[in-house]
Engineer: 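Take this structure, written in structure tokens, and hold onto it; I'll ask about it next.
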Amino acid sequence: MFLLKRDYSNKNFIIKGLISSILLSSFIYLSYFNIEIKILNTILALLAIYFLLIIPKKALLISGFFTGILWCWWMAVSLQYYDLVYLTPVILICIGTVFGIIFYFFALFDRLTFRILTIFAFTFFAPFGFNWMKFELLFIDSYIGIDKLSFIFVLVSFYFIIKLKRFKILGIIPLLFALSFPKGQYIQNPNAKIYMPQMNVNQDLRWDKQYRSTLEQQNFDEINNAINQQKDLVVLPETAFTSALNRNDNLLQKLKELSFKIDIITGALYIEDNQIYNASYHFTKGQIQIAKKVVLVPFGEEIPFPKFLVDLINKVFYNGAQDYSKASEPTDFVIKGEKFRNAICYEATTDKIFENLGNTEYMVAISNNAWFTPSIEPTLQHLLLKYYSKKYDVNIYHIANGSSNRIYRP
């Protein structure tokens, strides 16, 4: 009888944890299937936060484990390009374990106030520098605001609903202050007419030396298409040119010549003082400006561990390759008299790239999502770009290889 009761109890924890993780992840998968119904997202997001506050401690461990996997399983997709597919189960278990421990900490002390405070504190926390799990993001396509204050009102509302024995309806009052409606603010299009070519080069081919000349010709074809359409700016994706462009005089000269007809922004590698940078190159009137990436992808472009571990991991798994280097501050490009903040993939979804914007209203973000397709990674990135566009009142022009180009407005 005791064993039956214990088995039932364990199943109960697992079920509650699974339900919680599904609620916390539903907005991503609904968006993946192009289902963005505000009332549905609002209800599911509120239920997700409510479950985080009421489920038992053991269920939180389960919730964190599966939420981590449901949000981040796409990380393992890129392993195929390093011949490391065998590590997929290890990666997934590590992801689940990290978020399982974090969620378990929410109930380290069995007090509702402690759980509320730690859940709110998590909105400022990025495990290993990776900040793509944001609880505010649940409300991106809902009637609830995405700012910290709105999230506080949601938590306070649930505190009263859970704690009040009578008149629980009063707990809804704080929730009313979390409601968000369109601002009616519209940032005008920039002066420059922008050409955003949709590119879908398979990752297997991008770094194939035999395919390099074909890829380069595709890039020049797109630039010429933009010129023929009388555009002012053409933007090519992250590492559209797969060589270190500053070491290739032939390509540089061609791009400089074309830049007298149109401004060109393209992604490529940049080598300086034996340091490798993921960079954007801006060509205009025969001149070049380099924007080096500021925020590197944890475990993708840099290993967020002490140096001795970094060297060991790079030696064992990446054939001794070194981490990328990074710039200390963002770069702005001036195009037709207007500033465009440059962002390369992951950094477009971090607060750091939006520092010192001043009166800059536009951002050009370039990505290569072929590393992670097919998966939900482009969808999660899309939701984050929508979030940051609203947060900082910036029009974001996102040009990607392997997923849809988009324009984001606040």
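Just so you know, these numbers come straight off a predicted model, no measurement behind them.
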Engineer: Got a second to check how far Ile366's CD1 is from Asn405's CG, nearest 0.5 Å?
Structural biologist: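 Going from the CD1 atom of Ile366 to the CG atom of Asn405 covers 11.5 Å.
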Engineer: Less than 4.5 Å apart, any side-chain heavy atom of Leu112 and any of Phe158?
Structural biologist: no
Engineer: How long is the span from the CD1 atom in Ile95 to the SG atom in Cys72, to the nearest 0.5 Å?
Structural biologist: 5.5 Å
Engineer: Would you say that Pro174 contacts Phe160 through its side chain, given a criterion of any heavy-atom pair below 4.5 Å between the two side chains?
Structural biologist: yes
Engineer: Applying side chain to side chain contact (heavy atoms under 4.5 Å, CB included) between Tyr281 and each of Asn246, Ile265, Leu255, report the one that passes.
Structural biologist: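 The passing option is Asn246.
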Engineer: Taking the side chain as every heavy atom from C-beta outward, state whether Asn368 and Cys345 have any pair of such atoms under 4.5 Å apart.
Structural biologist: no
Engineer: What I'd like to find out is whether the side chain of Phe151 reaches to under 4.5 Å of the side chain of Ile119, using heavy atoms alone.
Structural biologist: yes
Engineer: I'd like to know if the side chain of Asp232 reaches the main chain of Lys193, judged simply by a donor and an acceptor atom lying under 3.5 Å from each other, with no hydrogens or angles considered.
Structural biologist: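 Side chain of Asp232 to backbone of Lys193, a donor-acceptor pair under 3.5 Å: yes, one is there.
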Engineer: If every non-hydrogen atom of Lys16 is compared with every non-hydrogen atom of Phe51, which pair is closest and at what distance?
Structural biologist: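 Taking Lys16 first and Phe51 second, the nearest heavy atoms are O-CD2, 4.4 Å.
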Engineer: Measuring only between side-chain heavy atoms, which start at C-beta, is Phe105 closer than 4.5 Å to Leu60?
Structural biologist: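 Counting from C-beta outward, Phe105 and Leu60 never come under 4.5 Å.
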Engineer: Under 4.0 Å between a Lys/Arg side-chain N and an Asp/Glu carboxylate O for Glu347 and Lys352?
Structural biologist: no
Engineer: Is the NZ or CZ atom of Lys254 both under 6.0 Å from the centre of the six-membered ring of Phe220 and within 45° of that ring's axis?
Structural biologist: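 Yes, Lys254 and Phe220 form such a contact.
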Engineer: Should Lys386 and Glu36 be marked as a salt bridge (Lys or Arg N to Asp or Glu O under 4.0 Å) after you check the CA-CA gap, both sets of side-chain angles, and the distance that decides it?
Structural biologist: CA-CA 13 Å; Lys386 186 184 292 190; Glu36 294 184 354; 3.5 Å; yes
Engineer: For the ring pair (Phe, Tyr, Trp, His ring centres under 6.0 Å) test, which of Tyr387, Phe135, Trp71 pairs with Phe27?
Structural biologist: Trp71
Engineer: Is there a donor-acceptor pair under 3.5 Å between the side chain of Asp273 and the backbone N or O of Gln275?
Structural biologist: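 Absent.
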Engineer: For the side chain of Asn401 and the backbone of Val201, is there at least one donor-acceptor N/O pair under 3.5 Å apart?
Structural biologist: yes
Engineer: When the ring planes of Phe99 and Phe122 are compared, do they come out parallel, tilted or perpendicular, using 30° and 60° as the limits?
Structural biologist: perpendicular
Engineer: Just so I know, are the side chains of Pro330 and Ile353 near enough to count as touching, which here means a heavy-atom distance under 4.5 Å?
Structural biologist: yes
Engineer: Could you tell me the separation between the CZ atom of Arg409 and the CD atom of Gln188, rounded to the nearest 0.5 Å?
Structural biologist: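 One gets 8.5 Å once the value is rounded to the nearest 0.5 Å.
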Engineer: Would you please say whether a donor-acceptor pair under 3.5 Å links the side chains of Ser367 and Gln381?
Structural biologist: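 Checked: Ser367/Gln381 side chains pair up, N/O donor to acceptor below 3.5 Å.
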Engineer: Within this structure, what is the CG-CG distance for the pair Asn219 and Leu236, rounded to the nearest 0.5 Å?
Structural biologist: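 CG of Leu236 is found 5.0 Å from CG of Asn219.
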Engineer: Evaluate the side-chain contact (heavy atoms from CB on, under 4.5 Å) criterion for residues Ile22 and Phe66: first the C-alpha distance (whole Å), next the side-chain angles of each, then the deciding distance (0.1 Å), finally the verdict.
Structural biologist: CA-CA 8 Å; Ile22 290 169; Phe66 286 106; over 6 Å; no
Engineer: Just so I know, are the side chains of Val394 and Thr360 near enough to count as touching, which here means a heavy-atom distance under 4.5 Å?
Structural biologist: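 No, too far: nothing below the 4.5 Å cut-off.
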Engineer: Taking all atoms of both residues into account, what is the closest heavy-atom pair of Arg206 and Thr242, and its distance?
Structural biologist: O-CG2, 3.0 Å
Engineer: Determine whether Ser63 and Leu24 make a side-chain contact, defined as any pair of heavy atoms from C-beta on separated by less than 4.5 Å.
Structural biologist: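 Yes, side chains in contact.
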Engineer: Going by the angle between their ring planes, with limits at 30° and 60°, are Trp74 and Trp132 parallel, tilted or perpendicular?
Structural biologist: tilted
Engineer: Check the surroundings of atom CG in Leu176: do more than 12 heavy atoms from other residues, nucleotides or ligands lie under 6.0 Å from it?
Structural biologist: yes
Engineer: For atom NZ of Lys38, decide whether the heavy atoms of other residues, nucleotides or ligands shown that lie under 6.0 angstrom number more than 12.
Structural biologist: yes
Engineer: Going by atom types only, do Gln217 and Asp221 share a side-chain donor-acceptor pair under 3.5 Å?
Structural biologist: yes
Engineer: Counting only N and O atoms by type, is there a donor-acceptor contact under 3.5 Å from the side chain of Asn41 to the main-chain atoms of Asp141?
Structural biologist: yes
Engineer: Has Lys292 got its NZ or CZ under 6.0 Å from the middle of the six-membered ring of Tyr277, at an angle within 45 degrees of the ring axis?
Structural biologist: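 Lys292 over Tyr277 ring: yes.
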Engineer: Please give me the minimum heavy-atom distance between Thr113 and Tyr159, naming the atom from each residue.
Structural biologist: CG2-CE1, 3.7 Å
Engineer: Under 3.5 Å, side chain of Ser31 to main-chain N/O of Ile28, donor-acceptor pair present?
Structural biologist: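 Checking the backbone N and O of Ile28 against the side chain of Ser31, no donor-acceptor pair under 3.5 Å is found.
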Engineer: Once the angle between the rings of Phe340 and Tyr397 is folded into 0 to 90°, is it parallel (under 30°), tilted (30 to 60°) or perpendicular (over 60°)?
Structural biologist: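 It falls in the tilted class, 30° to 60°.
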Engineer: Closest heavy-atom contact between Ser259 and Ile264?
Structural biologist: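 Ser259 and Ile264 have their closest heavy atoms at N-CD1, 4.2 Å.
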Engineer: Of all heavy-atom pairs between Leu385 and Ile396, which one has the smallest distance, and what is that distance?
Structural biologist: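 The answer is O-CD1, 3.7 Å.
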Engineer: Counting only heavy atoms not in Lys163, do more than 12 fall under 6.0 Å of its NZ?
Structural biologist: no
Engineer: With distance as the sole criterion, is a donor-acceptor pair present between the side chains of Gln80 and Asp204 under 3.5 Å?
Structural biologist: no
Engineer: Report yes or no: is the cationic atom of Lys293 (NZ for Lys, CZ for Arg) closer than 6.0 Å to the six-membered ring centre of Tyr346, at no more than 45° off its axis?
Structural biologist: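 Checked: cation-pi criterion not met.
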Engineer: Could you tell me whether the side chains of Arg212 and Ser243 share a donor-acceptor contact shorter than 3.5 Å?
Structural biologist: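 No donor-acceptor contact under 3.5 Å links the two side chains.
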Engineer: In this structure, are over 12 heavy atoms from other groups packed under 6.0 Å from Lys339 atom NZ?
Structural biologist: no
Engineer: Under 3.5 Å, is there a donor-acceptor pair linking the side chains of Arg341 and Asn356?
Structural biologist: no
Engineer: Could you check whether any side-chain N or O of Asn131 sits under 3.5 Å from a backbone N or O of Thr349, counting only pairs where one atom can act as donor and the other as acceptor?
Structural biologist: yes
Engineer: Which is it for Tyr408 and Tyr388 under the side-chain contact (heavy atoms from CB on, under 4.5 Å) test, yes or no, and what are the steps along the way?
Structural biologist: CA-CA 9 Å; Tyr408 298 90; Tyr388 279 99; over 6 Å; no
Engineer: What's the shortest heavy-atom distance between Leu23 and Ser26, and which atoms?
Structural biologist: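 Where Leu23 meets Ser26 most closely, the heavy atoms are O-OG, 3.1 Å.
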Engineer: Please say whether more than 12 non-hydrogen atoms of neighbouring residues, nucleotides or ligands are located less than 6.0 Å from CZ in Phe177.
Structural biologist: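 Count not over threshold, so no.
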Engineer: What do the steps show when you test Met196 against Ile407 for side-chain contact (heavy atoms from CB on, under 4.5 Å), and what is the final call?
Structural biologist: CA-CA 10 Å; Met196 301 167 58; Ile407 298 174; 4.1 Å; yes
Engineer: Once you round to the nearest 0.5 Å, how far does NZ of Lys336 lie from CG of Asn191?
Structural biologist: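 Rounded to the nearest 0.5 Å, the NZ-CG separation comes out at 6.5 Å.
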Engineer: Working to the nearest 0.5 angstrom, can you tell me the gap between Asn224 CG and Ile227 CD1?
Structural biologist: 5.0 Å
Engineer: Evaluate Ile161 against Leu175 for side-chain contact (heavy atoms from CB on, under 4.5 Å), listing each step before the verdict.
Structural biologist: CA-CA 11 Å; Ile161 288 171; Leu175 196 60; over 6 Å; no
Engineer: Under the 3.5 angstrom rule, does the side chain of Ser180 hit a backbone N or O of Tyr143 as a donor-acceptor pair?
Structural biologist: no
Engineer: Are the aromatic rings of Tyr29 and Tyr32 close, with centres under 6.0 Å apart?
Structural biologist: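 Distance test on ring centres: not under 6.0 Å, no.
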Engineer: In terms of heavy-atom contacts, does CZ of Phe114 have more than 12 from other residues, nucleotides or ligands at under 6.0 Å?
Structural biologist: yes
